[in-house]
Amino acid sequence: MPQLPRTATWHLPVPDLETSEYWDATAQSRLLIKHCDACGRDFFYPRSHCPRCWSSSTSWKEASGDGVVYTFTIVRQNDLPPFKERLPYVVSIVELAEGVRMTSNVEGCAPEDVRCGMAVRVAFREEQRDEGSVFLPVFRPA
Amino acid sequence: MNKSQGPRSLAAVPRRKVAIAGIAESRFGEVPDATAWQLHQEGAALALADAGVEPSDVDGLFSCGADIMHPLILGEYLGLRPGYVDGTQVGGSSWEFFVHHAVGAIESGLCDVALLNYATTSRSDVKRRIRSSNVAIDARGPAQFESAYGHTVIGRHAMAATRHMYEFGTTSEQLAEIAVQTRFNASHNPLAMYRDPITVADVLASREICSPLHMLDCCIRSDGGGAVVLVAEDRVADLPKKPVWILGAAEATSHHTMSEWEDFTESPAKRSAERAFGMAGVKPDDIDVLQVYDSFTITVLLTLEALGFCAKGEGGAFVEGGRLRLDGSLPTNTDGGGLSSNHPGMRGLFLIIEAARQLRGEAAGRQVEDASVAAVNGTGGWFSSTGTLVLGVD
């Protein structure tokens, strides 16, 4: 019979041709978003074309790292590794100052203190795996 | 021999009305002694008998599950070789999408008898430890920007509730009302898994799973399945049961990655309902009985707003006062829904079964008097897809 995963790295990002620059940047504590050179809009998550105008003329842009909590939840139950050991934790949709949104964690305060509209600032959390560390953008109260 | 699989001239086939001819659940709840494939066949056999058609009459098969090429595996298991197949997989609303698609196929003559068929043993599988209660979605492609943050299915829905509370002052008590009223309805369904009445205090006292959702805000996990048979109007005269007409059908799609959802307080059902209600020529006031996906209490609240039963932001006040109960002004999820009756994983099929049962007048013990128009809204993923149907009887 198939078994539940025992390793705790299945959840870690697998960089690809469209995203390796993003993960290279997080390793240097820089948060990148994508900018469309044709219609001038920023977007996230990063892909090779602009999801609004379909231009393939897009470039990376360093985000300020400032944002606000758009919404969130305190996760108190998750039986999958490695999250089971981390409960409770906050998953949030953060709206960056540039106007794009990303999924992340809010850390550095009691989960019960997180609020919609709360100002947060990016930080980078290192996680280990066989191929080397990966650095995840997370957010802390500003 | 299945004659309907032979060549045909589409020009000779006028656009036909489509009716639900057969409905059935398989055994559901806790079914440790059957495979999911068995439950598929069990539901299909009952629904075909209900429709008075033979397996060999089925020329359209609509189904999805966790397997790649699921409709092929199912067709093979059932011993069918349908000439029209649809395996759309958009989560729990897939069944409303299937009806939408089947209407197009049947009315234009591409098939005559469509079988929608579903089953899982997801409750027993967790007990057997061959699946987790949480879904592990890997971290490739767009998921690489989500999976590492421990984003559960419940958490995705909970974030909609958090935002609705922030913008409109909706309360946990109001969300709890939905669970309480659904349980009241379940108490009239002897097959529902959970039938003992609960109170708002019970919901709030149940364990918080992902804030602000408590355990009793969440659907149950069950085994089970069922089937729905759709036929062209020219077969209706032969049906043993009253035909339930598909008056309107539409689908809407939204995000898969959570951060791509523009407005966490608005279900894409706003779009599918507008089109389905428009096609049927009905307004929310015309609906006698309502079946909506209730993966979580917040799913119901956003759906009620999106379907136009109340204004956006007013869902909390709307669900107070027992409106959703069998004896309320908008009887909703009359079988006890996914919150109390059954939820094998992609529950949209059961919404159609219960709506048709009510319109036929066969919902013994929980029958809504004189129900002649029903609305159904399936929600898939995490408010990712919706399918809205309007059903009616002559």
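In what follows, chains carry the letters A, B, and so on, assigned in the order in which the sequence lines appear, proteins first and then strands, with residues in each chain numbered from 1.
For the atom pair CG (Leu136(A)) and CD (Gln144(B)), the distance works out to 11.0 Å, reported to the nearest 0.5 Å. Atom-to-atom distance recorded for His214(B):NE2 and Arg76(A):CZ is 9.0 Å, nearest 0.5 angstrom. With values rounded to the nearest 0.5 angstrom, Thr162(B) atom OG1 is found 10.5 Å from Arg115(A) atom CZ. Note: Ser92(A) OG to His151(B) NE2 = 9.0 Å, rounded to the nearest 0.5 Å. Thr73(A) contributes atom OG1, which lies 10.5 Å from atom CD1 of Ile209(B) (distance to the nearest 0.5 angstrom). Rounded to the nearest 0.5 angstrom, Glu262(B) CD and Arg101(A) CZ are separated by 8.0 Å.
The backbone N or O of Met159(B) sits less than 3.5 Å from a side-chain atom of Thr71(A), completing a donor-acceptor pair. Without hydrogens or angle criteria, Arg207(B) side chain to Gln77(A) main chain gives no donor-acceptor distance under 3.5 Å. Within the 3.5 Å criterion, the main-chain N or O of Ile74(A) finds a donor-acceptor partner in the side chain of Ser211(B).
Counting non-hydrogen atoms of other residues, nucleotides and ligands closer than 6.0 Å to NZ of Lys34(A) gives a total above 12. Within 6.0 Å of the NZ atom in Lys84(A), the count of heavy atoms belonging to other residues, nucleotides or ligands does not exceed 12. Annotation: Arg129(A), atom CZ; neighbour count of heavy atoms from other residues, nucleotides and ligands within 6.0 Å is above 12.
Ring pair Phe145(B)/Tyr22(A) is perpendicular by interplanar angle, where above 60° counts as perpendicular and below 30° as parallel.
What you find for Gly117(A) and Tyr166(B) is that their closest heavy atoms are CA-OH, 4.2 Å. In plain terms, the two heavy atoms of Arg86(A) and Ala148(B) that are nearest each other are NH1-O, 4.4 Å.
Side-chain contact between Asp16(A) and Arg140(B) is absent, with no heavy atoms from C-beta onward closer than 4.5 Å.
Proximity to chain B involves both the backbone and the side chain of Pro137(A), based on heavy atoms less than 4.5 angstrom apart. For Arg47(A), the part lying under 4.5 angstrom from a heavy atom of chain B is the side chain only.
Ranked by non-hydrogen atom pairs under 4.5 Å with chain B, the options Val91(A), Leu87(A), Val90(A), Leu12(A) are led by Val91(A).
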Test Thr257(B) against Tyr45(A) for side-chain contact (heavy atoms from CB on, under 4.5 Å), laying out the working first. CA-CA 9 Å; Thr257(B) 302; Tyr45(A) 55 91; 3.7 Å; yes

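When ring centroids are compared, Trp261(B) and Tyr70(A) stay outside the 6.0 Å threshold. Aromatic ring centres of Tyr89(A) and Tyr149(B) lie farther apart than the 6.0 Å criterion allows.
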